[in-house]
Amino acid sequence: MPELPEVETVKRGLNKLIIGRKIMAVNSDNSKSFPNALSDVKQFLIGSKITDVRRRAKVLMIDLSTKYTLVIHLKMTGQLVFVKLLPTIYNLPPTASETRYGGGHPTDSLIGVLPDKSTRVMFDFDDGSHLYFNDQRKFGWVRLMPTVEVPNIDFMKRVGPEPLESDFTPKQFAQRFKRRARTTIKAALLDQSVIAGVGNIYADESLWGAKIHPATKVADLPNSKFHLLYSELRSVMNLSIEKGGSTNRNYVNAEGKKGSYMEFARVFRREGLACPRCGTEIIKIRVAGRGTHICPKEQKI
DNA sequence: CACTTGACCTGTCCGC
DNA sequence: TGCGGACAGGTCAAGT
């Protein structure tokens, strides 16, 4: 999925596009993508206005004037796309980066005409514009609940601190890992209760930046490495937000456009290519059950 | 409790 | 060209 930088990009886009719009209709494909019974929740949706769009970890929250909130997790393949006018269908050849990363949509930036077969939930606004929740793999979800109850959902109670907050210190960062001393640093980074928002891309990128082997046990890392990892993680995530996130496969922002961080990635999905620091061939291994990319010369246990 | 593994889905890619 | 298996950016429930 979309990790922290991608969800943050969607949040910023939606804040520009949907604040103040009034919801006139909601439809879903009756999959578990929207588990609320529509008949039960329509009264809190229809006629309400969007008042805010927020993010916590990889979760998006769309606040409504009825004091209800749409809580959304994009998981692996979810998209939230705002469509004002039906897009023109172009037939451009794939760009070089699309070819390199295994293709993508036939158009360079705009996704195809929506709704499509991956569309799970549709919101229609009063001016004829729409918000589509698309999710090929159906892992993601949208649910409606009173705004005051959002902090009480299990995930929100468990999730760790936001790594990009200005008052989040390297010392706090190192402290958070104590509870996962016996596991690998990669598994701990992916654990949302340790630090919020890190996924496979930024775990690999930041571990390369700090020259840490992903299978290193947390207890074996000196404090200096935690400090380095802290600054590398913040730096790759900030860069990615600046580039509009990573489009590896499905991710697009609220306007249906791709992010360009993959052009700046140093190890992620670059197996067989040269390490940007030392030229050694990057390899792909398995750590914490996930595909993991490292420079075998600089990242040793 | 800490930790690991499999399940949830659909689509794509790779090797035979 | 077809087919089976592995794999894909996340999280949770169940197992040890």
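Below, chain A is the first sequence line, B the second, and so on; all start at residue 1.
Residues that satisfy the ring-ring contact (aromatic ring centres under 6.0 Å, His included) test with His213(A), not counting sequence neighbours, are absent from this structure. Remark: Tyr202(A) engages Tyr261(A) in a ring-ring contact (aromatic ring centres under 6.0 Å, His included) (not counting sequence neighbours). Shown here are the salt bridge (Lys or Arg N to Asp or Glu O under 4.0 Å) partners of Arg54(A), two or more places apart in sequence or in another chain: Asp63(A).
Straight-line distance from the CG atom of Asp135(A) to the C1' atom of dC9(B): 9 Å, rounded to whole Å. Residue Arg137(A) contributes atom CZ, which lies 11 Å from atom P of dG11(B) at whole-angstrom precision. The nearest whole Å value for the distance from the CZ atom in Phe139(A) to the C1' atom in dA13(C) is 14 Å. Regarding Ile195(A), its CD1 atom lies at a distance of 17 Å from the C1' atom of dT11(C), rounded to whole Å. Counting to the nearest Å, the P atom of dT11(C) and the CZ atom of Arg143(A) are 13 Å from each other. In this structure, Lys186(A) atom NZ and dT11(C) atom P are separated by 13 Å, rounded to whole Å. Atom-to-atom, CZ of Arg269(A) to C1' of dA8(C) comes out at 8 Å; the value is rounded to the nearest Å. The nearest whole Å value for the distance from the CZ atom in Arg120(A) to the C1' atom in dT10(B) is 8 Å.
Listed nucleotides dC9(B), dT11(C), dG11(B) differ in distance to Lys117(A); the shortest reach to its side chain belongs to dG11(B). Counting only heavy atoms from C-beta on, Arg158(A) has its side chain closest to dC12(C) among dT10(B), dC8(B), dC12(C). With distances taken from any side-chain atom of Gln192(A) to the nucleotides dT10(B), dC7(C), dT11(C), the minimum falls on dT11(C). Residue His73(A) has its side chain nearest to dT11(C) when only dT11(C), dC7(C), dC9(B) are considered. Closest to the side chain of Arg286(A), from the set dG11(B), dC9(B), dC7(C), is dC7(C).
Residue-level contact check: Gly289(A) touches neither bases nor backbone, having no heavy atom under 4.0 Å from any strand. Within 4.0 Å (heavy atoms only), Gly140(A) reaches no atom of the nucleic acid at all.
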**OP:** For DNA chain C, just give me the dot-bracket, please: Watson-Crick or G-U, both distances below 3.5 Å, ( ) intra-strand, [ ] crossing earlier pairs, | paired with another strand, . unpaired.
**Re:** .|||||||.|||||||

Got a list of side-chain donor-acceptor pairs under 3.5 Å for residues 272-283 of chain A, not counting sequence neighbours?
unit_1	atom_1	unit_2	atom_2	d
Arg277(A)	NE	Glu298(A)	OE1	2.9
Arg277(A)	NE	Glu298(A)	OE2	3.4
Arg277(A)	NH1	Trp208(A)	O	3.2
Arg277(A)	NH2	Trp208(A)	O	2.8
Arg277(A)	NH2	Glu298(A)	OE1	2.7

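Between atom CG of residue Asn152(A) and atom NZ of residue Lys157(A) there is a gap of 6.0 Å, rounded to the nearest 0.5 Å.
In terms of heavy-atom proximity, Ala188(A) sits nearest to Val218(A) at CB-CG2, 3.9 Å.
Distances shown here put a side-chain N or O of Lys58(A) below 4.0 Å from the OP1 or OP2 atom of dT11(C). Contact annotation: Lys284(A) side-chain N/O to dA8(C) OP1/OP2 distance is under 4.0 Å.
Summarising the local packing, NZ of Lys49(A) is surrounded by 12 or fewer heavy atoms from other residues, nucleotides or ligands at distances under 6.0 Å.
Using modelled atom types, one finds no donor on one side chain facing an acceptor on the other under 3.5 Å when comparing Ser246(A) with Asn248(A). Donor-acceptor pairing under 3.5 Å is lacking for the side chains of Thr66(A) and Ser48(A).
Remark: Lys243(A) does not engage Glu263(A) in a salt bridge, criterion side-chain N to carboxylate O under 4.0 Å.
A gap of 24 Å separates the P atoms of dC3(C) and dC9(B), to the nearest Å.
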Using a cut-off of under 3.5 Å, enumerate the N/O to N/O pairs linking the protein to nucleotides 2-4 of chain B.
unit_1	atom_1	unit_2	atom_2	d
dC3(B)	OP1	Arg182(A)	N	2.5
dC3(B)	OP1	Thr183(A)	N	3.2
dC3(B)	OP2	Arg179(A)	O	3.3
dC3(B)	OP2	Arg180(A)	NE	2.8
dT4(B)	OP2	Thr183(A)	OG1	2.7

